[in-house]
Amino acid sequence: MILYHGSFLEIAKPDLTHSRLNVDFGRGFYVTPLHEQAVKWCEKFKRRGKSGIVSIFEWNERSADSLKVLQFDSYSEKWLDFILNCRSMRDESDYDVVIGGVANDKVFNTVELFFDGLIDKQEAIKRLRYEKPNLQICFRTERALAQISFRGSEKI
């Protein structure tokens, strides 16, 4: 599977040191199989006057059999709970890889309303049901990162 990472610089050797803690799936290296999504990730850097660079990786999904993987097939209560735990830095899970929907702007707004106590969990799930999930894959351990290979990059 070909995967893309959008940034302001080429990432030939991903590491966990430079990742933030309180994001969707916790500390990790985030990629997507959707090229257009990686290009969108570059837009925030371009708005700040930086370059937009999509780094390209290859991952043999069969190698995931040796990893502890959590996959969300849709926005769900389980997905919402996991996101909130990660963003609150309360995630104590030991997954090597987490796969699931991106909390894009519309999804993020719903998550924030729930997080702030302005809507309940059922209302949040109801609203999320109508959103088509984008896809992100978070490699959370060195063991998982060792399974992806850098294939090049492109300037956006």
Side-chain angles (χ1 to χ4, degrees), residues 1-12 14-16 18-47 52-88 91 93-115 121 124-156:
M1 168 188 289
I2 300 299
L3 302 171
Y4 306 97
H5 176 82
S7 183
F8 63 94
L9 50 90
E10 179 182 87
I11 309 291
D15 64 58
L16 300 176
H18 294 92
S19 61
R20 296 185 336 237
L21 290 172
N22 59 339
V23 288
D24 288 356
F25 297 150
R27 179 182 292 257
F29 183 66
Y30 286 77
V31 293
T32 178
L34 307 170
H35 183 266
E36 62 275 9
Q37 185 173 318
V39 170
K40 283 184 179 182
W41 287 346
C42 291
E43 289 174 4
K44 69 179 176 183
F45 301 110
K46 293 183 81 171
R47 284 192 299 270
I53 298 180
V54 172
S55 297
I56 305 163
F57 298 88
E58 188 170 351
W59 181 40
N60 180 346
E61 293 171 272
R62 287 174 289 186
S63 66
D65 292 342
S66 66
L67 300 173
K68 187 171 181 184
V69 177
L70 174 61
Q71 182 163 349
F72 298 101
D73 294 322
S74 64
Y75 295 127
S76 64
E77 187 172 332
K78 186 177 175 186
W79 174 88
L80 183 59
D81 288 341
F82 193 82
I83 294 271
L84 292 174
N85 279 335
C86 289
R87 288 186 173 200
S88 302
D91 173 45
S93 66
D94 63 346
Y95 293 104
D96 296 301
V97 178
V98 180
I99 303 168
V102 176
N104 62 21
D105 290 343
K106 288 172 77 176
V107 171
F108 182 76
N109 289 339
T110 299
V111 170
E112 285 297 300
L113 289 170
F114 172 68
F115 194 69
K121 188 180 284 187
I125 298 302
K126 180 179 158 187
R127 291 180 184 197
L128 292 170
R129 187 178 316 138
Y130 299 105
E131 297 298 327
K132 180 180 182 263
N134 283 320
L135 187 60
Q136 63 186 349
I137 301 171
C138 179
F139 290 87
R140 297 173 22 135
T141 63
E142 294 297 334
R143 198 174 105 170
L145 279 177
Q147 294 190 357
I148 63 173
S149 304
F150 180 70
R151 294 294 180 234
S153 65
E154 61 184 21
K155 189 170 183 175
I156 303 301

- Task: Check D24 against C86 and note the closest heavy-atom contact, atom names and distance.
- Result: O-CB, 3.3 Å
- Can the ring centres of F139 and W59 be said to be less than 6.0 Å apart? yes
- Message: Using the ring pair (Phe, Tyr, Trp, His ring centres under 6.0 Å) criterion, which residues pair with F29? Sequence neighbours excluded.
- Response: H5, F57
- Verdict with supporting geometry, L67 and R140, side chain to side chain contact (heavy atoms under 4.5 Å, CB included): CA-CA 11 Å; L67 300 173; R140 297 173 22 135; over 6 Å; no
- What is the distance from atom CG of D96 to atom CD of E142, rounded to the nearest 0.5 Å? 11.0 Å
- Taking atom types as modelled, is there a side-chain donor on D73 or Q71 under 3.5 Å from an acceptor on the other? yes
- Gap separating the CD atom of E61 from the CD atom of Q147, nearest 0.5 angstrom: 11.5 Å
- Message: Please find the pair of heavy atoms, one from A38 and one from Y4, that lie closest to each other, and give the distance.
- Response: CB-CB, 3.5 Å
- What do the steps show when you test F25 against Q136 for side chain to side chain contact (heavy atoms under 4.5 Å, CB included), and what is the final call? CA-CA 9 Å; F25 297 150; Q136 63 186 349; 3.4 Å; yes
- Considering all heavy atoms, the nearest I53-F8 contact: CD1-O, 3.9 Å
- Note on the structure: Distance col, row R127:CZ vs Y75:OH, nearest 0.5 angstrom, shows 15.5 Å
- Distance (rounded to the nearest 0.5 Å) between L34 CG and I137 CD1: 9.0 Å
- Which atom of V23 lies closest to which atom of Y30, heavy atoms considered: CG2-OH, 3.3 Å
- Query: Is the count of non-hydrogen atoms from other residues, nucleotides or ligands lying under 6.0 Å from K121 atom NZ greater than 12?
  - Reply: yes
- Out of curiosity, D81 CG to D91 CG, how far, rounded to the nearest 0.5 Å? 11.5 Å
- Message: K68: which residues meet the side-chain hydrogen bond (donor to acceptor under 3.5 Å, both in side chains) condition with it, sequence neighbours left out?
- Response: D94
- Task: Identify the heavy atoms of S55 and S153 that sit nearest to each other, and give their distance.
- Result: CA-CB, 4.0 Å
- Whether Y95 and F82 hold their rings parallel, tilted or perpendicular, with breakpoints at 30° and 60°: perpendicular
- For the pair F114 and T110, evaluate side chain to side chain contact (heavy atoms under 4.5 Å, CB included) and give the outcome as yes or no after the intermediate values. CA-CA 6 Å; F114 172 68; T110 299; 5.8 Å; no
- Query: OG1 of T32 to CD1 of I99: how many Å apart, nearest 0.5 Å?
  - Reply: 11.0 Å
- List the steps and the verdict of side chain to side chain contact (heavy atoms under 4.5 Å, CB included) for V98 and F72. CA-CA 8 Å; V98 180; F72 298 101; 3.9 Å; yes
- Shortest non-hydrogen contact between S19 and G28, atoms and distance: CB-O, 3.1 Å
